[in-house]
Amino acid sequence: PIDSLQFTQNILFSGLKYLNDNLNVDNIDVICICGNHGRTTNKVQYSNYTAVSYETILYTSLSQMCESTKLNKINFIIPKSAMAIIEIFGKKYMFAHGMQFKYNSGIGGIYIPMLKWALRMISQFGLTKIFIGHWHTLLNIPEIAVNGSVIGYNARSMNFGLTYEPPQQSLILINEKRGFVNHQPIYLE
């Protein structure tokens, strides 16, 4: 994990520096949600979720690097929980890893439990949309967007009989006046 952190940190810092130097914007919010692969414990510990995650080290280190190198547009949001609610253009959005629900290979795949969870969260917190990862599949419905997978299809995917998807991440654009104006994959091949 430490080699992976160092490798990832360098790539992410390079990308953040590029955005800071080339985007004509006042600020760039970087929302840092820990996942389940970077934990230092066998099981998820919800009460100290971020305190036992290698990803917290990565996010904190990146934040310090950006601050010390005067990347003044970059603003890190590093919650001490498994999710964050962020206001964008006057509307609330949730960012979460996506392990908050399970589906146990049921009929309908992740859709039914995901939608049940999303509707509870939307109702409870007055959200416009939820963004998650975890499920390694690119998906966008009105209530929730699921990010793709950096690694794409692999032996695990094949073992579970999952549908092939290339390595990809989501690019979503939100306009202040029109709301969601774009959702497309960024292919990583």
Side-chain angles (χ1 to χ4, degrees), residues 8 12 15-16 19 23 25-39 41 43-60 62-63 66 73-104 106 108-151 165 168-186:
T8 304
L12 290 173
L16 290 170
L19 293 174
L23 280 181
V25 296
D26 293 332
N27 66 329
I28 301 164
D29 289 337
V30 180
I31 303 161
C32 303
I33 303 296
C34 294
N36 60 317
H37 294 286
R39 68 179 185 264
T41 58
K43 293 185 178 183
V44 174
Q45 297 182 359
Y46 293 99
S47 62
N48 63 343
Y49 183 74
T50 59
V52 295
S53 175
Y54 287 114
E55 292 160 0
T56 301
I57 297 167
L58 171 67
Y59 300 146
T60 304
L62 274 171
S63 176
C66 288
K73 294 179 184 178
I74 308 295
N75 174 45
F76 279 83
I77 299 168
I78 309 172
K80 298 237 180 248
S81 69
M83 57 188 73
I85 296 174
I86 307 296
E87 191 171 304
I88 303 171
F89 300 132
K91 296 182 179 178
K92 288 197 248 177
Y93 298 90
M94 177 183 280
F95 294 82
H97 180 66
M99 63 184 184
Q100 287 80 0
F101 59 91
K102 294 181 175 18
Y103 81 99
N104 299 322
I110 67 168
Y111 290 97
I112 294 169
M114 177 182 70
L115 195 53
K116 284 172 64 177
W117 173 79
L119 292 173
R120 282 194 310 269
M121 294 295 106
I122 288 167
S123 173
Q124 184 173 349
F125 296 107
L127 305 171
T128 299
K129 191 166 186 128
I130 300 172
F131 299 96
I132 65 171
H134 186 69
W135 296 98
H136 295 230
T137 192
L138 193 75
L139 174 67
N140 186 31
I141 59 175
E143 299 82 4
I144 195 163
V146 184
N147 202 6
S149 167
V150 172
I151 61 172
E165 282 194 15
Q168 58 189 334
Q169 294 285 276
S170 295
L171 171 64
I172 298 173
L173 300 178
I174 304 172
N175 178 280
E176 186 171 10
K177 181 179 175 183
R178 298 190 182 348
F180 289 88
V181 294
N182 182 52
H183 179 260
Q184 70 184 59
I186 298 173

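Note that these values count all heavy atoms, side chains included, but never hydrogens, waters or copies made by symmetry.
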Chi angles and distances behind the side chain to side chain contact (heavy atoms under 4.5 Å, CB included) call for S170, H183: CA-CA 7 Å; S170 295; H183 179 260; 3.5 Å; yes

Write down the atom of [X], the atom of [Y], and the distance for their closest heavy-atom approach.
X	Y	answer
L16	C66	CD1-SG, 4.1 Å
C32	F76	SG-CD2, 3.6 Å
W117	A96	CH2-CB, 4.3 Å

With the side chain counted from C-beta on, respond yes when [X] and [Y] share a heavy-atom pair under 4.5 Å apart, and no when they do not.
X	Y	result
Q100	M121	no
F125	M94	yes
I174	Y93	yes
T128	F89	no
L62	V30	no

Under the 3.5 angstrom rule, does the side chain of [X] hit a backbone N or O of [Y] as a donor-acceptor pair?
X	Y	value
N175	R178	yes
Q168	I186	no
T56	T50	yes
Y59	I33	yes

Rounded to the nearest 0.5 Å, what separates atom [atom1] in [X] from atom [atom2] in [Y]?
X	Y	atom1	atom2	result
L58	T8	CG	OG1	6.5 Å
I78	I31	CD1	CD1	11.5 Å
K116	M114	NZ	CE	13.0 Å
F101	I112	CZ	CD1	12.0 Å
I57	E55	CD1	CD	10.0 Å
L127	I122	CG	CD1	6.0 Å

Is it the case that atom [atom1] in [X] sees more than 12 heavy atoms from other parts of the structure closer than 6.0 Å?
X	atom1	value
Y54	OH	no
Y111	OH	no
D26	CG	no

Using residues 131-146 as the side-chain source, report each donor-acceptor pair under 3.5 Å to any protein atom, sequence neighbours left out, with the distance given to one decimal.
residue, atom, partner, partner atom, Å
H134, ND1, N36, OD1, 3.4
H134, ND1, H97, NE2, 3.0
W135, NE1, G98, O, 2.9
H136, ND1, S149, OG, 3.2
T137, OG1, E165, OE2, 2.4
N140, OD1, K129, NZ, 2.6

